[in-house]
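Since the structure comes first, as structure tokens, the remarks are kept for the end.
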Amino acid sequence: MPELPEVETIRRSLQPRVLGRCIVEVEVREPRLRRRIADNFAARLVGQRIDGIERRAKYLLFRLASGDCLVAHFGMSGTIIVHDTRVRPEPHDHVRLRLDDGAELVLNDPRRFGLLLLVAAGEMNDLAELRDLGVDPLEGDLRAESLAAALRRSRRPVKNLLLDQTVLAGLGNIYATEALFRAGIRPTRRACRVRRAEVVRLLDSIRAVLREAVDLGGSSISDYRDGNGRPGYFQLRLRVYDRKGEPCSLCGAAIRRVVQTGRSSFYCPQCQR
DNA sequence: AACAAGACCTGCATGC
DNA sequence: TGCATGCAGGTCTTGT
């Protein structure tokens, strides 16, 4: 679920609610996420003050006053919602953090592909998940030249490359699919066969689609919600994703679906070559 | 070394 | 109605 725009939306919605607040109580109801939550997680977290929330690609980083960092990833189905007061736990509410103003932060993740990790001050640089990330297309100074170099080196389908977080960090299946539509490039085309002029268009498309999605609060296909429990609206702007058989918004041709390494891709056979 | 397939989970829609 | 199947926003591990 949450790709870059959804995680950025969660960050913005949580920020005013948690900045400067102290964590006064931690309940781990289900430690078995993508990595098991450590036994001392709660003890280490209680008493810590939240000094800021940052985003790296699809990861959310809660900066704590001690220098420690609470790292969150949402997998396919994760959300963090802040409530004004204590609430009755729902199914799949795995971790609950009580703040000193009575608010409660709840991590819910039915599929448990998400991640919650308390990283000590000195150990952030060793964290493989973050260390191996490529450039964030909205944050970093990614140039068409370096994207072109990465594409030239690979014979994989261009969409697979866009999903490779060590190359570009933050794109997922929805936004990779949409960016390729805007750039007029078929997701199955070999990366090395994307021409230079197309790389420029592709990078522009990636940035545009991500920015527009952030502006609309992300895409709520089924269950994505921001930190206040509100949906996003970018799903209304999707041009090909999950639109198999529907007419292309540009030329009217029927949108096609293909499966690439186990994931659905959608494209217009007329507009994307 | 690069790449694909499988595994990890639950929930929902679809079709018989 | 019930059951089986396939699919879902991600990424880690395993094997070729």
Side-chain angles (χ1 to χ4, degrees), chain A residues 1-10 29-37 55-60 71-80 90-95 107-117 127-134 136 149-180 187-192 206 209-210 213-214 216-226 231-245 257-266:
Chain A
M1 170 211 314
E3 308 181 28
L4 185 156
E6 288 75 28
V7 179
E8 177 61 18
T9 302
I10 293 171
R29 311 181 72 240
E30 171 57 86
R32 295 173 302 163
L33 305 186
R34 191 162 96 210
R35 279 160 68 166
R36 190 186 176 84
I37 294 177
R55 180 189 58 78
R56 287 249 244 287
K58 304 176 191 173
Y59 290 85
L60 210 54
V71 177
H73 187 279
F74 300 98
M76 298 272 267
S77 58
T79 55
I80 288 188
E90 301 276 323
H92 312 301
D93 282 353
H94 303 316
V95 177
L107 174 83
N108 182 288
D109 185 358
R111 296 175 73 177
R112 290 194 270 119
F113 290 173
L115 190 69
L116 205 51
L117 212 53
L127 196 64
E129 279 88 344
L130 298 179
R131 190 192 51 211
D132 298 339
L133 286 176
D136 184 317
L151 290 166
R152 225 181 295 125
R153 264 184 261 120
S154 171
R155 294 170 51 77
R156 305 159 78 184
V158 55
K159 185 190 165 221
N160 294 25
L161 213 77
L162 297 185
L163 289 177
D164 185 337
Q165 303 296 301
T166 68
V167 177
L168 277 186
L171 283 181
N173 204 33
I174 293 178
Y175 298 108
T177 299
E178 291 294 312
L180 285 165
T188 49
R189 194 178 337 156
R190 286 182 192 276
C192 55
I206 289 168
V209 78
L210 292 176
V214 169
L216 289 179
S219 302
S220 292
I221 302 292
S222 62
D223 51 10
Y224 160 74
R225 292 293 183 271
D226 74 7
Y233 294 95
F234 192 76
Q235 70 279 8
L236 303 172
R237 302 276 261 268
L238 298 174
R239 314 279 286 278
V240 285
Y241 183 83
D242 206 17
R243 291 189 177 280
K244 178 188 174 187
R257 170 180 183 268
V258 290
V259 175
Q260 298 182 263
T261 53
R263 321 208 57 196
S264 289
S265 295
F266 302 87

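All values reported here derive from a predicted model rather than from experimental measurement. Order of the sequence lines sets the chain letters (A, B, ...), proteins ahead of strands, with each chain counted from 1.
The side chain of A:Lys58 places no N or O atom within less than 4.0 Å of a non-bridging phosphate oxygen (OP1 or OP2) of C:dG9. OP1 and OP2 of C:dG10 both lie 4.0 Å or more from every side-chain N or O belonging to A:Asn173. Neither OP1 nor OP2 of C:dA8 sits under 4.0 Å from any side-chain N or O of A:Tyr224. Of the side-chain N and O atoms in A:Ser219, none sit less than 4.0 angstrom from OP1 or OP2 of C:dG9. Contact check, A:His92 against B:dG11: a side-chain N or O comes under 4.0 Å of OP1 or OP2. Checking the phosphate oxygens (OP1, OP2) of C:dC7, no side-chain nitrogen or oxygen of A:Ser264 falls inside 4.0 Å. Within the structure, a side-chain polar atom (N or O) of A:Arg112 is placed less than 4.0 Å from OP1 or OP2 of B:dT10. An OP1 or OP2 oxygen of C:dT11 is reached within less than 4.0 angstrom by no side-chain nitrogen or oxygen of A:Arg35.
Taking the six-membered ring where the residue is Trp, A:Tyr59 and A:His73 present tilted rings, their angle falling between 30° and 60°.
A donor-acceptor pair under 3.5 Å links the side-chain atoms of A:Gln165 to the main chain of A:Leu163, judged by distance alone. For the pair A:Arg190 (side chain) and A:Arg155 (backbone), a donor-acceptor distance under 3.5 Å is present. A donor-acceptor contact shorter than 3.5 Å links the side chain of A:Glu30 to the backbone of A:Arg32.
No hydrogens or angles were tested; on distance alone, a donor-acceptor pair under 3.5 Å links the side chain of A:Arg111 to the base of C:dA8.
Pairs of Watson-Crick or G-U wobble type, with distances under 3.5 Å, assemble into runs of 3 or more in DNA chain C at these ranges: B:2-8 with C:10-16, B:10-16 with C:2-8.
Residues A:Glu3 and A:Tyr224 have side chains that never bring a donor and an acceptor to within less than 3.5 angstrom of each other. Under the 3.5 Å distance criterion, with hydrogens and angles disregarded, no donor-acceptor pair is assigned to the side chains of A:Thr79 and A:Arg225.
Closest approach of A:Gly78 and A:Asp109 over heavy atoms only: N-OD1, 3.6 Å. Looking at every heavy atom in both residues, A:Arg112 comes nearest to A:Ser77 through N-OG, 4.3 Å.
With centres under 5.5 Å and a plane angle under 30°, the ring of A:Phe113 is stacked against the base of C:dG10.
Among the protein residues, A:Tyr59 comes within range of the sugar-phosphate backbone only, with heavy atoms under 4.0 Å from sugar or phosphate atoms but none that close to a base. Contact annotation for A:Arg32: no contact, since no heavy-atom pair falls under 4.0 Å across all strands. No engagement by A:Asp109 is indicated, since no non-hydrogen atom pair under 4.0 Å with the nucleic acid exists.
Between the P atom of C:dT11 and the CD atom of A:Glu3 lies a distance of 9 Å, rounded to the nearest Å. Going from atom OH of A:Tyr175 over to atom C1' of C:dA8 covers 15 Å, rounded to whole Å. Atom CZ in A:Arg263 sits roughly 13 Å away from atom P in C:dC12 (whole-Å rounding). Residue A:Ile221 contributes atom CD1, which lies 20 Å from atom P of B:dG11 at whole-angstrom precision. Taking atom NZ of residue A:Lys159 and atom P of nucleotide B:dA4, one finds them 12 Å apart after rounding to whole Å. At whole-Å resolution of the value, CZ in A:Arg257 and P in C:dG6 are 12 Å apart.
When the P atom is compared between B:dG6 and C:dG6, the two are found 14 Å apart, to the nearest whole Å. Rounded to whole Å, the separation between the C1' atoms of B:dC3 and C:dG9 comes to 23 Å.
Distance from the side chain of A:Thr261 is smallest to B:dA4 among C:dA8, B:dA4, B:dT10.
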